[in-house]
Amino acid sequence: MAERRPEGLKGFLSEKGPSKSQVLAVVAVFPIGGLLLILSGVTLTASVIGLAVATPLFILFSPVLVPAAIAIGLAVTGFLTSGAFGVTGLSSLSCFVEDARRLASKASEQLEQARQRMTEAGGQLGKQTKEATQGTQGRT
């Protein structure tokens, strides 16, 4: 026989009811959510009233405000762009310096290896020369 499911709100709860931690979470979050909802309503109301009061002023002073807003926007854009270019330049320079250091260390390692090979080759050449001179002196 199939179990009958409870309908409505009881369908969301388990058979034994909510746990203590769930109840405490709801009790803690509910007032905060209500307060935030009230604050958002007050903010919306104040914004609508402020816009209703300021609209005639915007219309009267629009020949001054629009160019001022454009000038401020361009100035802010210029400052942000120059800052972005500066950061890009510094990071590029830093990258270049790191690559140069890496290449210089790699070149110095290669130079040191070449010196060691030349020293070994010179030592071998000295041995061969010594052997050759001893061989010629032994024949005479």
Side-chain angles (χ1 to χ4, degrees):
M1 179 160 45
E3 288 186 30
R4 186 172 167 235
R5 293 180 136 185
E7 295 181 18
L9 184 61
K10 289 183 181 180
F12 291 111
L13 300 175
S14 63
E15 294 284 326
K16 57 185 173 180
S19 67
K20 290 180 184 179
S21 62
Q22 289 174 334
V23 171
L24 288 175
V26 169
V27 168
V29 171
F30 185 73
I32 295 171
L35 178 66
L36 291 175
L37 186 62
I38 290 169
L39 285 175
S40 68
V42 169
T43 305
L44 178 65
T45 304
S47 298
V48 169
I49 291 171
L51 186 61
V53 169
T55 300
L57 294 175
F58 284 150
I59 291 172
L60 287 175
F61 294 110
S62 66
V64 175
L65 293 178
V66 171
I70 291 172
I72 290 171
L74 288 174
V76 168
T77 302
F79 282 124
L80 291 177
T81 304
S82 68
F85 285 157
V87 168
T88 303
L90 286 176
S91 64
S92 298
L93 186 62
S94 172
C95 225
F96 175 74
V97 168
E98 288 298 320
D99 284 346
R101 284 183 183 167
R102 184 176 45 84
L103 288 174
S105 68
K106 190 174 183 181
S108 67
E109 289 173 6
Q110 289 176 349
L111 186 62
E112 187 61 35
Q113 289 175 357
R115 274 190 202 139
Q116 288 175 354
R117 284 185 291 205
M118 290 297 288
T119 305
E120 291 172 4
Q124 288 177 356
L125 184 62
K127 285 181 184 178
Q128 289 175 353
T129 306
K130 187 176 180 182
E131 289 173 2
T133 55
Q134 286 177 357
T136 56
Q137 286 177 357
R139 287 187 207 160
T140 59

**OP:** Measure across T77 and T81 and return the closest heavy-atom pair with its distance rounded to 0.1 Å.
**Re:** O-OG1, 2.6 Å

Subject >> Contact summary for P67 and S62, nearest pair of heavy atoms >> reply: CD-O, 3.9 Å

**OP:** Please determine if E98 and R101 form a salt bridge, counting it only when a charged side-chain N lies under 4.0 Å from a carboxylate O.
**Re:** yes

**OP:** Indicate yes or no: does K106 engage E109 in a salt bridge with an N to O separation below 4.0 Å.
**Re:** no

Is there a path of hydrophobic side-chain contacts, each under 4.5 Å between heavy atoms of I, L, V, M, F, W or Y residues, that connects [X] with [Y]?
X: F58; Y: I70; result: no
X: I72; Y: L80; result: yes
X: V26; Y: L24; result: no
X: I59; Y: F61; result: no

Taking atom [atom1] of [X] and atom [atom2] of [Y], what is their separation to the nearest 0.5 Å?
X: I32; Y: L37; atom1: CD1; atom2: CG; value: 13.5 Å
X: T43; Y: L36; atom1: OG1; atom2: CG; value: 10.0 Å
X: R115; Y: E112; atom1: CZ; atom2: CD; value: 5.5 Å
X: K127; Y: K130; atom1: NZ; atom2: NZ; value: 10.0 Å
X: L57; Y: T55; atom1: CG; atom2: OG1; value: 8.5 Å
X: L39; Y: L44; atom1: CG; atom2: CG; value: 12.5 Å

**OP:** Kindly determine whether K20 and V23 satisfy side chain to side chain contact (heavy atoms under 4.5 Å, CB included), including the steps that lead there.
**Re:** CA-CA 5 Å; K20 290 180 184 179; V23 171; 5.7 Å; no

**OP:** Using side-chain hydrogen bond (donor to acceptor under 3.5 Å, both in side chains) as the criterion, list what pairs up with S21, not counting sequence neighbours.
**Re:** S19

Subject >> Short side-chain to backbone donor-acceptor contact, S94 and L90, under 3.5 Å >> reply: no

